[in-house]
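Here the structure is a predicted model, which means the values were calculated and not measured. The chains referred to below are lettered A, B, ... by the order of the sequence lines, with proteins before strands, and numbering in each begins at 1.
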There are 2 protein chains.
Amino acid sequence: MKIDYNKIYAADCASLLKDPKVFPSNSIDLILTSPPYADKRGKNYNTITEKDYVEWFLTISKELLRVLKKDGSFILNIKEGIKNHERKTYVLELILALKKQGWLWLEEYHWVKTNSFPGSWQTHFRDGWERCLHFSKTKDINFYKENVKVPIGEWSIKRFENKITNHDKSRHYSNTNSGFSRQVDNWSGKNSVDPDNVLAFATESSNKRHSAAFPVALPAWFIKLLTKKNDLVIDPFIGSGTTAIAAKSLNRSYIGIDILKKNVKIANERLKEQTLQSPSP
Amino acid sequence: MKIDYNKIYAADCASLLKDPKVFPSNSIDLILTSPPYADKRGKNYNTITEKDYVEWFLTISKELLRVLKKDGSFILNIKEGIKNHERKTYVLELILALKKQGWLWLEEYHWVKTNSFPGSWQTHFRDGWERCLHFSKTKDINFYKENVKVPIGEWSIKRFENKITNHDKSRHYSNTNSGFSRQVDNWSGKNSVDPDNVLAFATESSNKRHSAAFPVALPAWFIKLLTKKNDLVIDPFIGSGTTAIAAKSLNRSYIGIDILKKNVKIANERLKEQTLQSPSP
DNA sequence: CTGCACTATGAATCGCTAA
DNA sequence: GTTAGCGATTCATAGTGCA
């Protein structure tokens with residue numbers, strides 16, 4: 001009776017999540033999703049208005065709270081738009097409402113888009129960032145920091161460059177096994193540091209056949225940070241399947257849900273392409 | 001009876017702002033400030049607790065709303081901290097309360113810091129960004145976009161590189177077919193581009209004689225965007241004077257207020273140094 | 001004067017101990 | 001119970017001292 005892993009389901013996630021025989025309580029390691037934003041995506045989804053958004057989302061998040069493991073995490077990618085020259089407030093209200101529902105609001109990560117949609121208006125510029133809100137059920141979550149370490153900052157490279165100015169500068173650009181990293185190791189004892197809460201990823205190019213809400217690198221980063229191999233990741237608004245693709249390529253199990261059959265088809269095609277392109281080792 | 005321009009006053013801004021003979025209604029072009037955050041700066045200021053913060057701030061913002069011109073702007077630099085593994089919510093509540101008070105919330109800019117305070121904890125990383133909230137009284141504000149077009153090769157390119165180095169480093173070194181390099185090529189052709197709502201500036205270093213909450217470049221950017229020459233900029237929590245320095249160097253008038261005499265002294269010293277260093281042309 | 005090693009510290013946060 | 005204080009931890013800068 002339990003749902004199968006590694007599949008995309010065409011269903012209303014609210015209904016599907018409600019059934020404890022389909023989704024047992026405390027069974028999911030990571031929920032990662034980018035729901036339809038208020039008054040957006042009107043062409044394909046039944047648009048949720050700003051006014052109804054919080055109430056609508058709480059009916060879903062109530063079930064998410066039930067199915068999430070105690071050491072699991074919930075990442076919500078969302079950004080309020082501008083209407084009549086003002087930012088909408090429903091996302092702020094949603095955060096407060098989710099806390100009231102029992103969620104802990106651990107952090108607000110920011111996805112900074114290196115190539116945001118162009119535009120320039122009377123009172124604002126183009127929107128270069130989105131919120132990635134991190135919620136959980138307890139303070140004791142899985143947090144695999146070592147999986148997302150980043151190369152050491154520019155400052156050390158500059159110092160290193162000063163060091164080698166009179167010698168062989170080209171070594172700086174050679175591959176990771178040679179000169180640079182080894183010498184930095186010797187010098188400082190480490191070559192990577194913890195990241196911060198600002199994530200910079202380019203949006204994937206819109207000319208691709210399947211435009212996605214976010215680039216694969218974004219869910220991949222959170223999946224690496226918050227789960228280990230064979231853990232279960234779900235996305236109740238999977239759209240074109242990006243979360244599933246990230247999970248699959250990192251050897252995590254996934255369940256994707258989308259209300260539109262069209263999206264399920266697209267997601268399955270992308271997953272199939274991925275299998276063909278990169279057979280697992 | 002009206003207050004003198006281009007001075008820093010040692011006073012409680014709430015009291016000083018209340019007097020309409022000192023600060024006439026509809027007389028200020030730009031309010032730009034970074035108030036003490038809740039539960040911070042305990043060494044120097046009377047710390048405002050999270051619980052009291054919104055109420056405390058509303059008494060001040062009520063007067064700010066009165067003195068601001070109809071086409072003026074209010075920029076509020078703030079960021080909530082983490083306590084007991086959760087982000088505090090008082091900033092979200094403040095935004096909602098300011099709207100209720102009559103402010104329009106036009107936009108949320110982000111100041112991304114390249115050198116945030118270090119740290120790495122059980123459930124989160126170090127904090128690499130702060131909010132710069134843009135409020136106004138009407139939808140018809142002065143917005144001098146042409147003043148903040150970004151010449152290539154200055155902070156924009158640095159910003160781009162910083163963003164890339166965090167998580168996308170490989171693309172920086174990849175060939176010209178990659179998204180990043182192609183985009184830089186496109187940019188290079190133009191002399192200037194419109195910015196987006198993400199601002200990247202390093203914090204000013206801690207070890208200088210006068211450490212400041214934010215770098216001069218941050219208020220300077222908003223002053224250029226939202227005022228013209230000889231306009232009046234005020235900062236009711238001026239601290240070490242950074243806003244005044246930015247205003248002065250851009251030939252805007254300023255009024256600074258700080259409750260600590262110590263800060264007024266520091267601000268005046270910095271303003272004097274600036275005069276000596278860069279005589280106006 | 002330059003280059004390099006070393007040190008200090010900032011809008012930080014947590015866990016522990018002492019009152 | 002509740003709060004206040006201290007050390008440990010973390011990274012990017014600037015300042016200091018020495019060869």
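In the model, B/T33 has a side-chain atom that pairs as donor or acceptor with a side-chain atom of B/D235 under 3.5 Å. Checking A/K145 against B/S120 by side-chain atom types alone, a donor-acceptor pair falls below 3.5 Å. Between B/Y53 and B/E80, the side chains place no donor N or O within less than 3.5 Å of an acceptor N or O (distance only, hydrogens not considered).
Residue B/D127 is classed as having no contact, given no heavy-atom separation below 4.0 Å to the nucleic acid. At a threshold of 4.0 angstrom between heavy atoms, the contacts of B/Q122 with the nucleic acid are absent. Backbone-only engagement by B/K83 is indicated by non-hydrogen atom pairs under 4.0 Å involving sugar-phosphate atoms exclusively.
Using cut-offs of 30° and 60° on the angle between ring planes, the pair B/F57 and B/F237 is parallel.
Rounded to whole Å, atom C1' of C/dA12 lies 12 Å from atom CZ of B/R126.
The residue among B/N84 and B/K113 whose nearest nucleotide of DNA chain C is located toward the 5' end is B/K113. Heavy-atom nearest nucleotides on DNA chain D were determined for B/F117 and for B/A202, and the one closer to the 5' end corresponds to B/F117. Residues B/I82 and B/N115 each lie close to DNA chain C; by heavy-atom proximity, the contact nearer the 5' end of the strand is made by B/N115.
For D/dG1 and C/dC14, the P atoms lie 23 Å apart once the distance is rounded to whole Å. If you take atom P in D/dA8 and the same atom in C/dA11, they sit 22 Å apart, rounded to whole Å.
Nucleotide C/dA11 has no partner under the Watson-Crick or G-U criteria, as no pair reaches both atom distances under 3.5 Å. Base pairing annotation: D/dT10 forms no Watson-Crick or G-U wobble pair, as no partner gives both donor-acceptor distances under 3.5 Å.
If you check C/dC14, D/dC11, C/dA11 against the side chain of B/P118, the one that comes closest is D/dC11.
Within the structure, every side-chain polar atom (N or O) of B/H124 is placed at least 4.0 Å from both OP1 and OP2 of D/dT10. For C/dT13, one of the phosphate oxygens OP1 or OP2 lies less than 4.0 angstrom from a side-chain nitrogen or oxygen of B/K40. A sub-4.0 Å separation between OP1 or OP2 of D/dT13 and a side-chain N or O of B/T114 is present.
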Applying ring-ring contact (aromatic ring centres under 6.0 Å, His included), run through B/W221 and B/Y109 and close with a yes or a no. CA-CA 12 Å; B/W221 192 86; B/Y109 292 84; 5.6 Å; yes
